Novice: 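My structure is below; once you've seen it, I'll send some questions.
Fair warning: this is a prediction, and the values are worked out from it, not measured in the lab.
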Amino acid sequence: MNRRIQELIDFTKEKFGLENYYLERHSLSRNVTIFNETVYTLCMEWFPNHVTEQEEDGSNPDGTAVIEINVDTRKVESAIFVMGKTYVKDGVTFANLDTKTIIKWIERETGLTYRKQFQLHKESEGEIQFKECFEGVAVSPSGFIDVKFNQVGKLTSFSIHGQFPSKEIINEETYTLSFETVEHLAKEQLKLVEFPSYEQKKLLPVYAVEEIYVTNDKTSTIPFEIIADVRSYLKIDKTIYWDEPITEPFERKEISWIEDVTAEQAFSFEPSPVSFPITKVEQDKCIMAVNNFLRQEYPNDTGKWMLKTLHRDKGYIHAIVRANHQDNRVFQRKLMMMIDAGSLQVVNYMDNKPMLEIYDQFQAADKVTITKEEAFEKIKELFELTPYYVYDFEKKQYVLCGKMDCEYGVNAENGEVISLDDL
């Protein structure tokens, strides 16, 4: 075994008091952060000494410690004891189950500062959750820290996910947005959408707000969808046309999401191919591959599809394609094609049509009797504008924004204000 991996294993064993455990298996993986940095992680599965074989269904036995550690910083990314059972000897224990003690431990473990980079989200019996922040202001994409412990205070689960940015990449400002100054944008974000009501088996026309971030200087907006998916996209926005279909049928190939990562790659911090920009040559070949695929699988649909974006993911380039004609329904028709990064040919795809067909059995929406203006007046007091530091992929820094959202909508059939959570 690689000497440095052995050092990490020994370090983990001592840190978590795994005297009563043996290492069953370990593996390396890598991912790319929103800052386009490659992070290598060592994942270890430690079985309790009294366990001699794996469960029949292949799952890990109760009490197994699944621990992931950053190869470079040695910081723990997650440590989960299966089913909340732990057999550690002198492991992590929180005396008196005190929140302050837990916060101090998190600060030591992560190097983060409470209230500056993370803040309390919620507490329940045996669990405390924290959210990422910057100087108390929420951050997007958001991160979290989750800590679970048993009745005697022994750690049973810890996980941290997010970027927790340093001051250098944050464009600090004083928040000046008010709803009055962005009311015109709020009105634009109110859309008539058909929501499926599973209870009534019908589509309900509802005026609802599409979440969006408005920059503090009011000069631009950042769509919520881009941030929710946390990756860098290459925008294409090209409608695909063709003259002739391709008669030969498309054959799906199996997709492999598991990447073999070597110790040499991990310790030399080799950048993941996912971090490389998509070149102009690759872009052109991907557009051609999407065109050929549509000619095969959707031969009569020339001009009906738009290639929206391309992005890399473990050995593939994903192409997101949307139907040019969109109705008012809450879920829209979409294709995702997996293009092999080597051959630059489409090897597999996903179409959300089967999911959307469920709604074809629903009763159609009734007649709309309320105008957008009337709906806006009914809920404008219920809009929320919350300060957020949002990562701007183009500027490569966090900018202060207001997240515009509303948990309520207006039933366009009768003008009733309804909670969107109830739909």
Side-chain angles (χ1 to χ4, degrees), residues 119-123 129 131-144 173-200 202-229 326-332 359 362-391 398-423:
Q119 55 195 358
L120 190 62
H121 177 51
K122 62 179 180 193
E123 286 185 82
Q129 294 172 311
K131 284 189 91 165
E132 181 180 350
C133 70
F134 178 76
E135 300 290 353
V137 176
V139 172
S140 182
S142 61
F144 66 82
E173 287 182 77
T174 305
Y175 186 70
T176 57
L177 288 179
S178 67
F179 185 73
E180 291 68 41
T181 57
V182 292
E183 195 173 315
H184 62 291
L185 282 171
K187 199 179 261 184
E188 275 174 36
Q189 289 307 109
L190 193 66
K191 306 278 194 318
L192 181 61
V193 179
E194 290 180 2
F195 280 86
S197 164
Y198 294 94
E199 275 176 28
Q200 301 172 43
K202 70 172 281 191
L203 296 167
L204 292 177
V206 176
Y207 286 104
V209 176
E210 206 176 329
E211 296 161 301
I212 198 164
Y213 294 104
V214 184
T215 55
N216 193 43
D217 59 10
K218 300 187 280 293
T219 58
S220 60
T221 58
I222 301 173
F224 185 77
E225 185 187 30
I226 293 290
I227 294 295
D229 199 25
Q326 299 285 11
D327 49 34
N328 286 340
R329 291 190 186 171
V330 69
F331 300 111
Q332 298 288 355
Y359 307 123
F362 281 39
Q363 187 187 324
D366 289 346
K367 198 165 182 283
V368 170
T369 61
I370 303 288
T371 67
K372 182 175 169 171
E373 281 67 27
E374 289 167 327
F376 184 71
E377 287 306 316
K378 280 176 184 279
I379 60 164
K380 79 173 184 186
E381 302 300 321
L382 299 168
F383 270 75
E384 290 170 19
L385 193 64
T386 318
Y388 262 84
Y389 275 105
V390 180
Y391 188 65
Y398 286 83
V399 292
L400 187 59
C401 294
K403 179 186 178 185
M404 188 187 287
D405 194 11
C406 186
E407 289 174 13
Y408 296 87
V410 177
N411 184 327
E413 294 172 3
N414 56 23
E416 187 190 335
V417 174
I418 49 175
S419 164
L420 297 178
D421 285 344
D422 295 343
L423 287 172

Novice: Return a table of donor-acceptor pairs under 3.5 angstrom between the side chains of residues 366-376 and protein atoms on other chains or two or more places apart.
Specialist:
residue : atom : partner : partner atom : Å
D366    : OD2  : K202    : NZ           : 3.0
T369    : OG1  : A412    : O            : 3.4
T369    : OG1  : E413    : O            : 2.7
T371    : OG1  : E374    : N            : 3.1
T371    : OG1  : E374    : OE1          : 3.3
K372    : NZ   : K187    : O            : 3.2
K372    : NZ   : L190    : O            : 3.2
E374    : OE1  : T371    : N            : 2.8

Novice: Restricting to side chain to side chain contact (heavy atoms under 4.5 Å, CB included), what partner residues turn up for T174, sequence neighbours left out?
Specialist: none
Novice: Specify the closest pair of heavy atoms between E173 and Y389, including all atoms of both residues, with the distance to one decimal.
Specialist: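 Answer, listing the atom of E173 first, then Y389: N-OH, 3.4 Å.
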Novice: So how far is it from I212 CD1 to E188 CD, rounded to the nearest 0.5 Å?
Specialist: 8.5 Å
Novice: When rounded to the nearest 0.5 angstrom, what is the spacing between OH in Y207 and NZ in K191?
Specialist: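 It is 12.5 Å, given to the nearest 0.5 Å.
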Novice: Centroid separation under 6.0 Å, is that true for the rings of Y398 and F134?
Specialist: no
Novice: Return the set of residues passing side-chain hydrogen bond (donor to acceptor under 3.5 Å, both in side chains) with Q332 (not counting sequence neighbours), or none when no residue passes.
Specialist: none
Novice: What residues, two or more places apart in sequence or in another chain, satisfy side chain to side chain contact (heavy atoms under 4.5 Å, CB included) together with V182?
Specialist: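 Testing V182 for side chain to side chain contact (heavy atoms under 4.5 Å, CB included), a comparison that skips the adjacent residues, returns L177, L185, V214, K218, L385, M404.
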Novice: What's the separation between atom CZ in F383 and atom CD in E183, rounded to the nearest 0.5 Å?
Specialist: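 One finds 8.5 Å between CZ of F383 and CD of E183.
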Novice: Between H121 and Q119, is there a side-chain heavy-atom distance shorter than 4.5 Å?
Specialist: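 SC-SC contact between Q119 and H121 ruled out.
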Novice: More than 12 non-hydrogen atoms from neighbouring residues, nucleotides or ligands closer than 6.0 Å to CZ on F195, yes or no?
Specialist: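 Atom CZ in F195 is packed in, count exceeds 12.
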Novice: Output the distance between atom CZ (R329) and atom CZ (F362), rounded to the nearest 0.5 Å.
Specialist: 9.5 Å
Novice: Sequence neighbours excluded, which residues qualify as side-chain hydrogen bond (donor to acceptor under 3.5 Å, both in side chains) partners of Y359?
Specialist: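 Counting only residues at least two positions away or on another chain, Y359 forms a side-chain hydrogen bond (donor to acceptor under 3.5 Å, both in side chains) with Y198.
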Novice: Would you be so kind as to tabulate the donor-acceptor pairs closer than 3.5 Å made by side chains of residues 414-421, with sequence neighbours excluded?
Specialist:
residue : atom : partner : partner atom : Å
N414    : OD1  : E416    : N            : 2.9
S419    : OG   : D421    : N            : 3.3

Novice: Using modelled atom types only, decide if a donor and an acceptor are shared between the side chain of Q189 and the backbone of E210 within a distance under 3.5 Å.
Specialist: yes
Novice: Of all heavy-atom pairs between I379 and C406, which one has the smallest distance, and what is that distance?
Specialist: CD1-SG, 4.2 Å
Novice: To the closest 0.5 Å, what do you measure between CG (L204) and CD (Q363)?
Specialist: 9.5 Å
Novice: Heavy atoms, side chains only, cut-off 4.5 Å: are N216 and T176 in contact?
Specialist: yes
Novice: To the nearest 0.5 angstrom, please state how far the CD atom of E211 sits from the CG atom of D405.
Specialist: 4.0 Å
Novice: Using the side chain to side chain contact (heavy atoms under 4.5 Å, CB included) rule, pick out the option among C401, P223, S220 that qualifies with Y213.
Specialist: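 Exactly one candidate clears the test, C401.
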